[in-house]
Amino acid sequence: MKVDMSKVIDKYYSEGIFELALTTVWNGSGDDDLEIMQDLGLKFRTILYERHSPENEMAVFKFEDFEFVPTEDFDFLDSSFMLFVEEHIEFFRDFVRDMDSCFLT
């Protein structure tokens, strides 16, 4: 799903892509991260494996929208994110170019 990146930038960053670039200075996290991710059609996700003795069984959980949820199937992070990057490659190229102009003298 291709997203209109300029609308998302305008909605959350009053100073535009420059303000987004500045968020990398403090690790980029903010109170509206979940809303931004949802507007982009993305989810916060990670995976947790637990080994249970004595059977040595493995339990798998995915971390989705700030909670661990048991799962049998996990779409690895890189595949979903890379599809997003491929669909929005021009935005990422512009972003890198704009970051260079923000931080290089």
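For clarity, every value in this text was computed on a predicted model and none was experimentally measured. Just so you know, residue 1 is the first one in the sequence shown, and it goes up from there.
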Next on the checklist: Please determine whether side chain to side chain contact (heavy atoms under 4.5 Å, CB included) holds for the pair Ile36 and Gln38, giving the CA-CA distance in whole Å, both sets of side-chain angles, and the decisive distance to 0.1 Å.
Outcome noted: CA-CA 5 Å; Ile36 294 170; Gln38 290 170 336; over 6 Å; no
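With contacts defined as side-chain heavy-atom distances shorter than 4.5 Å, the pair Ile9/Phe91 qualifies. In this structure, the side chains of Phe61 and Glu50 come closer than 4.5 Å at one or more pairs of heavy atoms.
To the nearest 0.5 angstrom, His88 atom NE2 is 14.0 Å from Arg93 atom CZ. Taken to the nearest 0.5 Å, the OH atom of Tyr12 stands 13.5 Å off from the NZ atom of Lys7.
Nearest heavy-atom pair across Phe66 and Leu34 is CE1-CB, 3.8 Å.
Residues passing the side chain to side chain donor-acceptor pair (under 3.5 Å) test with Asp4, sequence neighbours excluded: Ser6. Here Leu42 pairs with Met37, Leu40, Phe84 under the side-chain contact (heavy atoms from CB on, under 4.5 Å) rule; sequence neighbours left out. For Asp39, the salt bridge (charged side-chain N to carboxylate O under 4.0 Å, His left out) test picks out Lys11, with sequence neighbours left out. Taking the side chain to side chain donor-acceptor pair (under 3.5 Å) definition, one finds that Asp94 meets it with Arg97, sequence neighbours left out. Under the rule for a side chain to side chain donor-acceptor pair (under 3.5 Å), Glu86 has no partner lying at least two apart in sequence or in another chain.
Residue pairs meeting the salt bridge (Lys or Arg N to Asp or Glu O under 4.0 Å) criterion with at least one member in residues 20-35, sequence neighbours excluded, do not occur.
A continuous path of Ile, Leu, Val, Met, Phe, Trp and Tyr side chains, each step under 4.5 Å between heavy atoms, connects Phe95 with Ile89, placing both in one hydrophobic cluster.
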